[in-house]
Amino acid sequence: MEKTYNPKNFEDRLYREWEENGCFKAVRDDDKVPFTVMMPPPNITGKLHMGHAMDETMQDTVVRFKRMQGYCALWLPGTDHASIATEVKIVEQMKKDGLTKEAVGRDGFLKRAWEWKDAYSGKIVTQLKKLGSSCDWSRLTFTMDEKCSKAVREVFFNLYNKKLIYRGSRIINWCPCCKTALSDAEVEYAEENGNFWHIKYFVDNSDIALEVATTRPETMFGDTAVAVNPKDKRYKHLIGKNVILPVVNKPIPVVGDGHADMEFGTGVVKITPAHDPNDFEVGLRHNLPVVRVMNDDGTMNALTGKYDGMDRYECRKKLVEELKELGNLVSVEPHAHNVGHCYRCGSTVEPIVSKQWFVKMEGLARPAINAVLDKKITFVPERFAKTYYNWMENVKDWCISRQLWWGHRIPVWYCADCGAEICSKNDVSACPHCGSENISQDEDVLDTWFSSALWPFSTLGYPDDTSDLEYFYPTDVLVTGYDIIFFWVARMIFSGLEHMRKVPFRDVLFHGLVRDEKGRKMSKSLGNGVDPLEVIDKYGADSLRFSLLQGVAPGNDTRYSDTKVESCRNFMNKIWNASRFVIMNCEGRKVKPVSEVKLLPADKWIIAKLQAAIRDVTLAMNKFELGVACQIMYDFMWSDFCDWYIELVKPLLYSDDEAKRDGAVSVLVYVLENALKLLHPVIPFVTDEIYRSLPNTDGTIMTKEFPRYNAKLAYKKDALAFEGIMDIVKAVRAVKTELDCPPAKKVSLYIVTENKRYISSNEDSILKLAGAKDIKFICSAEEAGANTVTKVLAIGTLYIPMGELVDFEKEKARLKSELEKVTAEIARADGKLNNTGFISKAPKKLVEEERAKLNKYIEMREKILAQLKTL
RNA sequence: GGGGGCAUAGCUCAGUUGGUUAGAGCGUUUGCUUGACAUGCAAAAGGUCGCAGAUUCGAGUUCUGCUGUUCCCACCA
């Protein structure tokens, strides 16, 4: 083995081997319990970012853990066609070649899109492999694969026939840049500084004017009424009269409607049903005409007269000027308000009336809410359930049609002759009503998230009754970011319940955003994104994986930092070198099962620590507390195993006693092997590479059983006793440092104790680790002679002759400060034990422990006092 | 307007049924080439756990209010 950890030597090789040996393949096995995870399919538009790296690492860790525990673990990978995002990119790409969608046509465009898909989805797969993802690549699914299309059509067909999908003219969010409708979830709001334009609308045949205030004057052409509050005494009498729409000079009615807020602005609202969701509702209530005045590209239409064809903002400017000239403009006041933007291209969206397809959410939402309420699905951490309820309870119908070409085309055909509308699972070539072949399919495609919503079952063969679907569905855990609760998680839940009659997954494990070192969101515009591939190249995949999990709490945002990855790389190096040491010492030795080894106190101690680690890691993993699990492993491996145990066995390894050497090596191998198995789900590469070099192992670690807690090996009392030995070592080291004594200088140890035999049996360890030359058991302090430093420990009192290094004043001060500490502890324990409430109400075990502690401290205090007297 | 998160060592963060003297990494100080590792070892300094109450024998942990900060949702034309 090389002297330092060098992941480049083995990561790619191991991954190839795992793959070639079919280690990731999940085949139905009725003797095993299934464990299923569906990978949130990355978009084919981009490359892997840190968010993906965290998401995939968490999934891989959970899946590898379960696989080792004996589950039939399926992790199914995929990629998403990302309808709008991809289409935007392809349009950009074509623009460079001087081409437009219209120029290449639908077929030409789709050809380009598929080429894009072929080029990019492969890249993402390569990147996922670099991370070590143990997914079943034979099942790699693309959201526009044949099987997904089949599922999409089935679901659409069923919902259509249940009247849960309908087509209608409603207010939707329109992106004038992407030229498509968007769902509510696809609009992002940001506060912008705009203006409030106050405009006079004169009452017909009168000098009286109503003053309306608007932030979007250009929509005025679509005004079909002016509303006042029916309770508003100022305007009540005008209800039913007409006002003249300026510029257009058209009379429109004054209506009374509660929508007009008496307190806000002038209390008069212009009503533009075609361009505002609230106005649309008012329009419905008062039977107002809906007049659209804007084109799909954000320019004004013919109804705006001279503004026809002008951009919406240009029109705004010119119109305001005209109003000013006409004397209708009363005032302009600055006004900050929230403006909606397209989540893909950032353009300001226009609320526009448009004929679109919708999913009726009433009826779908309730069961989806109940599934979480009834704990059929558990959110981790729980708090995200609130976000989910809140959204689900207020959800509006889902606009699913997009005026795009890249995506699942809506499976509805229209007959040009008889006007029939035909929804079908299969392509239709003739009208079933009139037989006409003059029919055409709906031009629009479906929202990307419509197919994503079916992901947990479309990937397993739905709508067919496949064996996989029966075995692997419902899936077990969905791992994803909290930012797509609405887009995806919620929609998978109601879709699973509606179409499969079962929840799509039992747990949802949320993670937060990976931010940059300063806590900012990683983004292209800031240029602060860190490429996981570069990090892997520099530090190795295991280092990155560990750094993304260690000490991270579920659902919390984290900061990426090079220094953290570096410290994790150091941990890998530590594991590497400790293993190298163990393997080196195995040469020519008999490595026996630990059950055949006569265990020494230190052995029992490390085995006890190992068992505790196994127990705690398993508990943490089962609760998805991956950050905690990593911390436990880190501490066990580094502090317990490397810093203490390896140092403890060195004297044995260098002794001439063959049996002792064999025993030491056997325990080393046993502990290391188990530790590697514990660590494997998180850091698969380095653990497997080492595992293959261990004696008595064969094949890969990834198919071995995950360690099980064994109560017989817990050795609680032995472990506690051994801590006493460690206390002696720590005390000597501290004294040396304090007195500026070189660590290499050997000292003698005088000990007053009732544990002579136990200390003697660990003498070698103490001498080696403390840097001592001998241990002498004495009965009183005097025997230790003058110039000693005293350490009062639980296992006994330690006297260390330090010769001229001893400064009596300092020693006195040191003992006094120790006395203070012990006295404080006595006061604390005493206080507790004198509290009748504590005695009567606290668990007995706790009271006893406290009492034992008190006794221990009292004893220590007496010893310290005695020592102070002699000084 | 509604709902969350966060506030713990100089910095970044853990701390999940309330119970040892509140932890880690990085940084800082001191000393070490101790035959796996200087990507290392040892020792140490550093915290009234945002503030004020409440519940409890016992609160970093539960509840209420407040302050600061941040995110999400809704949205007034």
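The sequence lines fix the lettering, A, B, ..., with proteins before strands; numbering per chain opens at 1.
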Taking N or O atoms only and anything under 3.5 Å, show me the protein contacts with nucleotides 11-15 of chain B, one pair per line.
{"from": "B:U12", "atom 1": "O3'", "to": "A:R559", "atom 2": "NE", "distance (Å)": "3.2"}
{"from": "B:C13", "atom 1": "OP1", "to": "A:R559", "atom 2": "NE", "distance (Å)": "2.8"}
{"from": "B:C13", "atom 1": "O2'", "to": "A:G551", "atom 2": "O", "distance (Å)": "3.2"}
{"from": "B:A14", "atom 1": "OP1", "to": "A:N556", "atom 2": "ND2", "distance (Å)": "3.0"}
{"from": "B:A14", "atom 1": "O5'", "to": "A:G551", "atom 2": "O", "distance (Å)": "3.4"}

Go through the N and O atoms of the side chain of A:E849 and the base of B:U20, and report whether any donor-acceptor pair is under 3.5 Å. no
Under 3.5 Å for both donor-acceptor distances, Watson-Crick or wobble: does B:U20 have a partner, and if so which one? none
Between A:E825 and A:K821, is the closest basic N to carboxylate O distance under 4.0 Å? no
Partner of B:U69 under the Watson-Crick or G-U wobble criteria, both distances under 3.5 Å, comes out as B:G5
Could you check which nucleotide pairs with B:A77 in any of the strands shown, counting Watson-Crick or G-U wobble with both distances under 3.5 Å? none
Residue pair A:Y634 / A:Q550, side-chain donor-acceptor N/O under 3.5 Å: no
Would you say the side chains of A:E2 and A:N9 form a donor-acceptor pair under 3.5 Å? yes
Tell me the partner of B:G25, counting only Watson-Crick (N1-N3 plus N6-O4 or O6-N4) or G-U wobble (N1-O2 and O6-N3) with both under 3.5 Å; none if nothing fits. B:C11
Ranking A:E825 and A:K386 by the position along RNA chain B of their nearest nucleotide, the one closer to 5' is A:K386
If pairing means Watson-Crick or G-U wobble with both distances under 3.5 Å, then the partner of B:A42 is B:U30
Check nucleotides 30-36 of chain B against the protein and report each pair of N or O atoms closer than 3.5 Å, with its distance, or say if there are none.
{"from": "B:A36", "atom 1": "OP1", "to": "A:K650", "atom 2": "NZ", "distance (Å)": "3.2"}
{"from": "B:A36", "atom 1": "OP2", "to": "A:Y654", "atom 2": "OH", "distance (Å)": "3.0"}
{"from": "B:A36", "atom 1": "O3'", "to": "A:R580", "atom 2": "NH2", "distance (Å)": "3.2"}
{"from": "B:A36", "atom 1": "O2'", "to": "A:N577", "atom 2": "OD1", "distance (Å)": "2.5"}
{"from": "B:A36", "atom 1": "O2'", "to": "A:R580", "atom 2": "NE", "distance (Å)": "3.4"}
{"from": "B:A36", "atom 1": "O2'", "to": "A:R580", "atom 2": "NH2", "distance (Å)": "2.4"}
{"from": "B:A36", "atom 1": "N7", "to": "A:K650", "atom 2": "NZ", "distance (Å)": "3.3"}
{"from": "B:A36", "atom 1": "N6", "to": "A:C642", "atom 2": "O", "distance (Å)": "3.3"}
{"from": "B:A36", "atom 1": "N6", "to": "A:E647", "atom 2": "OE2", "distance (Å)": "3.1"}
{"from": "B:A36", "atom 1": "N3", "to": "A:N577", "atom 2": "O", "distance (Å)": "3.3"}
{"from": "B:A36", "atom 1": "N3", "to": "A:A578", "atom 2": "N", "distance (Å)": "3.2"}

Is a donor from one side chain sitting under 3.5 angstrom from an acceptor on the other, for A:D257 and A:N229? no
With A:K650 as the cation and A:F581 as the aromatic partner, state whether NZ or CZ is under 6.0 Å from the six-membered ring centre and within 45° of the axis. yes
Please output the side-chain donor-acceptor pairs of residues 380-387 of chain A that fall under 3.5 Å, not counting sequence neighbours, one pair per line with the distance.
{"from": "A:E382", "atom 1": "OE2", "to": "A:K375", "atom 2": "NZ", "distance (Å)": "3.0"}
{"from": "A:R383", "atom 1": "NH2", "to": "A:G555", "atom 2": "O", "distance (Å)": "3.3"}
{"from": "A:R383", "atom 1": "NH2", "to": "A:N556", "atom 2": "OD1", "distance (Å)": "3.3"}

Rounded to the nearest 0.5 Å, how far does CG of A:L182 lie from NE2 of A:H341? 12.5 Å
Please report, rounded to the nearest Å, how far the P atom of B:G23 is from the OH atom of A:Y634. 17 Å
Once you apply the 3.5 Å cut-off to both distances, tell me the Watson-Crick or G-U wobble partner of B:U56, or none. none
P atom, B:G5 versus B:G47: distance in rounded Å? 29 Å
For residues A:Y343 and A:F487, establish whether the separation of their ring centroids is below 6.0 Å. yes
Would you mind reading off the distance between A:E848 atom CD and B:U20 atom C1', rounded to a whole angstrom? 15 Å
For every nucleotide of nucleotides 68-77 of chain B, 5' to 3': is a protein heavy atom under 4.0 Å from its base (B), only from its sugar-phosphate (S), or from neither (-)? ----SSBBBB
With distance as the sole test, does A:R234 use its side chain to make a donor-acceptor pair with the main-chain N or O of A:M262 at under 3.5 Å? yes
If you look only at distance, which donor and acceptor atoms sit under 3.5 Å apart when one is on a side chain in residues 266-273 of chain A and the other is two or more places apart or in another chain?
{"from": "A:T266", "atom 1": "OG1", "to": "A:E211", "atom 2": "O", "distance (Å)": "2.5"}
{"from": "A:T266", "atom 1": "OG1", "to": "A:V268", "atom 2": "N", "distance (Å)": "3.4"}
{"from": "A:K270", "atom 1": "NZ", "to": "A:T219", "atom 2": "OG1", "distance (Å)": "2.8"}
{"from": "A:K270", "atom 1": "NZ", "to": "A:D223", "atom 2": "OD1", "distance (Å)": "2.9"}
{"from": "A:K270", "atom 1": "NZ", "to": "A:T272", "atom 2": "OG1", "distance (Å)": "3.0"}
{"from": "A:T272", "atom 1": "OG1", "to": "A:D223", "atom 2": "OD1", "distance (Å)": "2.7"}

Between P of B:U61 and CD of A:E382, the distance in whole Å: 19 Å
How would you list all residue pairs meeting side-chain hydrogen bond (donor to acceptor under 3.5 Å, both in side chains) that involve residues 540-549 of chain A, not counting sequence neighbours? A:D60-A:R545
